[in-house]
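Note that this is a predicted model, so its numbers are computed, not measured. Atom set for the values below is all heavy atoms of this structure, side chains included, hydrogens, waters and symmetry mates excluded.
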Amino acid sequence: MVRKILFFLILLNACFSVQIVQAKNTLTAAWSANVGPLNPHAYNPNEMFAQVIAYDGLVHFNGKTIEPALAKSWQVSDDHKTYTFKINTQIKFSDGTPLTAQIIQKNFNAIMHNKDRHSWLISIKLLQSWKALDNETFEITLSEPYPLFLTELSLPRPFRILSPTGFIDPNTDDTTKIAKPIGTGPWVLVESKLGLYDRFEKNPYYRGEFGDFDELKIYVLPEANSRILALETGQVDILFGEGNFNLENFVRLSENPKYGAFTSEARLTNMIALNSNRSYTKDINVRKAILHAVNKDIIIQYILKGKEYKADTIFNPHTKYNEQKNIYEYNVTKAKSYLEKAGFKQNGQFVEKDGKILELNLHYLGIDAKQKAIAEAIQADLLQVGIKLNLKAEEMTIFTSITKNGEFDLIFNKTWGPPYEPTSYIGSMLQPSHADYQAQKGLPNKAEIDKNILTIFKTFNEQEFAKLHYAVLNALQESAVYLPISFEPDMVLFNKEKISNFTFGPMTTEPLLHTLKHVK
């Protein structure tokens, strides 16, 4: 009955507002919201994947290394502080404007005018000067050497380049403070209807490989079930991106030969952060008891349908510097022994100390069905060792506030995937607004961990670089402030009767929609 109602709503939406009519060369997709104004230097409500397909940076992450993009080459000074980029002036923006070093400088001026917004990036803090030396030469000087500088230039935001015709004024502080989203990426946003759809066209000046589709239309369908129904009824051709469909539907459609249901290698880590600075989780024995009490095999098999991979470490096995010790396997006996070390004794259903039961709160995003199901499984597992776990479904703004303030015992957390992992993500652990910082705040060796993190970003010797990563990751593993749950791949569903040549991009937020081809 629910499926029939949703199907009716989609048809009603199609007939009276969207009028979904596919041209021969139109690729259709669905998303939960509009892509936003696509200010390349801003965050919400700009959807990251859309910023990536519209804009380029000076360099590009290809999955393994950094390669040229708007810059065709670069040189680094002996002291590793000055980067001199040769700009590819043969490149044009989607409006035909030729790329120059002066345009790059204009963008960096706008980015650095609002540098506080981007302070989570170490590069922002180190940028000392940036200037066009001539039409095709752009120079950046850092206050200190930074081995990840080129990697951070490749990120989806904020170092992406807007055409001069896209500026309203020299600054792009506000999320909507651009005239038009004009970039050098494969797609150009040409039309946006609030709550209905966003329409992109092929960038006529795009210099890279392009498939058979010259238009991309992304319909706004807030409900995951409505997006699946749109795919099944042929109204959209492809669904991509985190949370765009649930695992049950992915598994179901993977059994239908009409659909492509692909997964990438592991990318993100889904985990729980345990607060070492609050309540009972201050005690490392309680934290270790929790880690041993959770049966992740059951979560992977029954909740994640075997489509994600069991995680025992902060980063997935493909990540460099990931030789971590102290794996906390599922072991109820060990969990109970750690609770005894913490001074808790069984009294009926729960364990107690000083007449108080061991009671904790786990916060999750209320709209995230996967987090809810995992939280319920963890709650049941902890009950088996006598821990009372209260589940707190939070709205996004409340969840963010709790994260920033450290007002949690346990909270859902996840890593960011390549190219952020491991080093950029480790660097973000120094930010007080992140769950990682708050979770680690009560550790007796927090100062040493932070010192090693800071030293990482000043180290160019590979052996020392690796040694520092091992030290940080193993210290965190030993401290038991993270309960890794799963390594999450990217997933995609598409109509194989229309689409071919699908491949995953090097980043989670980089869908290679422009390379897709018609089925012949």
Side-chain angles (χ1 to χ4, degrees), residues 48 61-66 148 151-152 154-156 240-243 247 250 261-274 291 294-301 303-330 368 370-371 374 377-378 411-429 434-436 439-440 449 453 456 465-492 503-511:
M48 198 182 302
F61 174 70
N62 65 12
K64 294 182 178 179
T65 62
I66 301 299
L148 283 189
T151 300
E152 291 192 357
S154 75
L155 298 180
F240 61 90
E242 182 186 359
L247 286 170
F250 182 86
F262 294 170
T263 59
S264 71
E265 64 180 18
R267 295 219 165 153
L268 312 175
T269 307
N270 291 299
M271 56 189 177
I272 308 294
L274 287 70
L291 269 58
V294 176
N295 190 340
K296 287 182 276 191
D297 288 322
I298 295 297
I299 292 173
I300 297 297
Q301 181 177 356
I303 296 176
L304 302 179
K305 307 299 181 183
K307 297 302 179 183
E308 298 186 18
Y309 315 100
K310 185 172 77 168
D312 290 315
T313 55
I314 298 171
F315 298 112
N316 74 68
H318 304 293
T319 307
K320 293 179 72 175
Y321 322 120
N322 198 38
E323 297 177 12
Q324 295 171 52
K325 304 173 184 177
N326 299 307
I327 301 302
Y328 300 93
E329 77 282 358
Y330 173 59
D368 192 319
K370 183 168 77 173
Q371 286 189 7
I374 292 173
I378 294 173
I411 196 166
F412 273 83
N413 194 27
K414 69 168 46 184
T415 62
W416 304 337
Y420 299 95
E421 299 181 12
T423 313
S424 291
Y425 189 87
I426 289 173
S428 75
M429 293 175 178
H434 288 202
D436 305 88
Q440 299 169 25
I449 291 171
I453 291 173
I456 284 173
F465 196 69
K467 182 180 177 182
L468 289 164
H469 279 79
Y470 296 143
V472 170
L473 293 176
N474 279 295
L476 293 174
Q477 191 80 357
E478 172 60 31
S479 70
V481 288
Y482 295 103
L483 168 60
I485 301 294
S486 66
F487 299 130
E488 178 183 318
D490 288 341
M491 295 184 179
V492 65
T503 55
F504 287 103
M507 294 188 293
T508 294
T509 53
E510 189 174 7

Taking the side chain from [X] and the backbone from [Y], do they hold a donor-acceptor pair closer than 3.5 Å?
| X | Y | result |
| --- | --- | --- |
| Lys296 | Tyr330 | no |
| Glu421 | Lys320 | no |
| Thr319 | Asn316 | yes |

Could you report the tightest heavy-atom contact between [X] and [Y], atom names first, then the distance?
| X | Y | answer |
| --- | --- | --- |
| Ser424 | Glu152 | OG-OE2, 3.9 Å |
| Pro506 | Gly63 | CB-N, 3.5 Å |
| Tyr321 | Phe465 | OH-CD2, 3.3 Å |
| His469 | Pro422 | CD2-CG, 3.8 Å |
| Tyr328 | Glu478 | OH-O, 3.2 Å |

Q | Partner residues of Lys310 under the salt bridge (Lys or Arg N to Asp or Glu O under 4.0 Å) criterion, sequence neighbours left out | A |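 Testing Lys310 for salt bridge (Lys or Arg N to Asp or Glu O under 4.0 Å), a comparison that skips the adjacent residues, returns Asp297.
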
So [Y] and [X], do their side chains get closer than 4.5 Å, heavy atoms only?
| X | Y | answer |
| --- | --- | --- |
| Thr151 | Ile66 | yes |
| Pro419 | Leu155 | yes |
| Met507 | Phe61 | yes |
| Pro484 | Asp312 | no |
| Ile314 | Leu476 | yes |
| Asp368 | Phe412 | no |
| Tyr309 | Ser486 | no |
| Arg267 | Pro489 | no |

Quick one: pull up [atom1] in [X] and [atom2] in [Y] and give me the separation to the nearest 0.5 Å.
| X | Y | atom1 | atom2 | answer |
| --- | --- | --- | --- | --- |
| Thr415 | Asn270 | OG1 | CG | 7.5 Å |
| Met271 | Thr313 | CE | OG1 | 10.0 Å |
| Leu274 | Asn413 | CG | CG | 11.0 Å |
| Ile378 | Ile485 | CD1 | CD1 | 4.0 Å |
| Ile327 | Glu329 | CD1 | CD | 9.0 Å |
| Leu483 | Leu291 | CG | CG | 5.0 Å |

Notebook entry, point to check: More than 12 non-hydrogen atoms from neighbouring residues, nucleotides or ligands closer than 6.0 Å to NZ on Lys467, yes or no?
Noted result: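 Atom NZ in Lys467 is not packed in, count stays at 12 or less.
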
Q. Just checking, is any N or O donor in the side chain of Tyr482 or Gln440 under 3.5 Å from an acceptor N or O on the other one?
A.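 Present: a donor and an acceptor within the cut-off.
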
*asked:* Please determine whether side-chain contact (heavy atoms from CB on, under 4.5 Å) holds for the pair Phe250 and Lys307, giving the CA-CA distance in whole Å, both sets of side-chain angles, and the decisive distance to 0.1 Å.
replied: CA-CA 9 Å; Phe250 182 86; Lys307 297 302 179 183; 4.1 Å; yes

message: Just checking Phe487 against Phe315, ring centres under 6.0 Å apart?
response: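 So the answer is no for these two rings.
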
Might you work through the side-chain contact (heavy atoms from CB on, under 4.5 Å) test for Asp490 and Glu265, ending with a clear yes or no? CA-CA 7 Å; Asp490 288 341; Glu265 64 180 18; over 6 Å; no

### Task
Take Trp416 and Ser428 through the side-chain contact (heavy atoms from CB on, under 4.5 Å) test and state the conclusion after the steps.
CA-CA 11 Å; Trp416 304 337; Ser428 75; 3.3 Å; yes

I'd like to know whether Tyr425 forms a side chain to side chain donor-acceptor pair (under 3.5 Å) with Asp436, so could you lay out the CA-CA distance, the side-chain angles of the two residues, the decisive distance to 0.1 Å, and finally the verdict.
CA-CA 10 Å; Tyr425 189 87; Asp436 305 88; 2.9 Å; yes

Dump the intermediate steps for salt bridge (Lys or Arg N to Asp or Glu O under 4.0 Å) on Lys370 and Glu308, then the final yes or no. CA-CA 12 Å; Lys370 183 168 77 173; Glu308 298 186 18; 2.7 Å; yes

Item to check | Lys414/Glu242 salt bridge by N-O under 4.0 Å criterion | outcome: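 Salt bridge: yes.
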
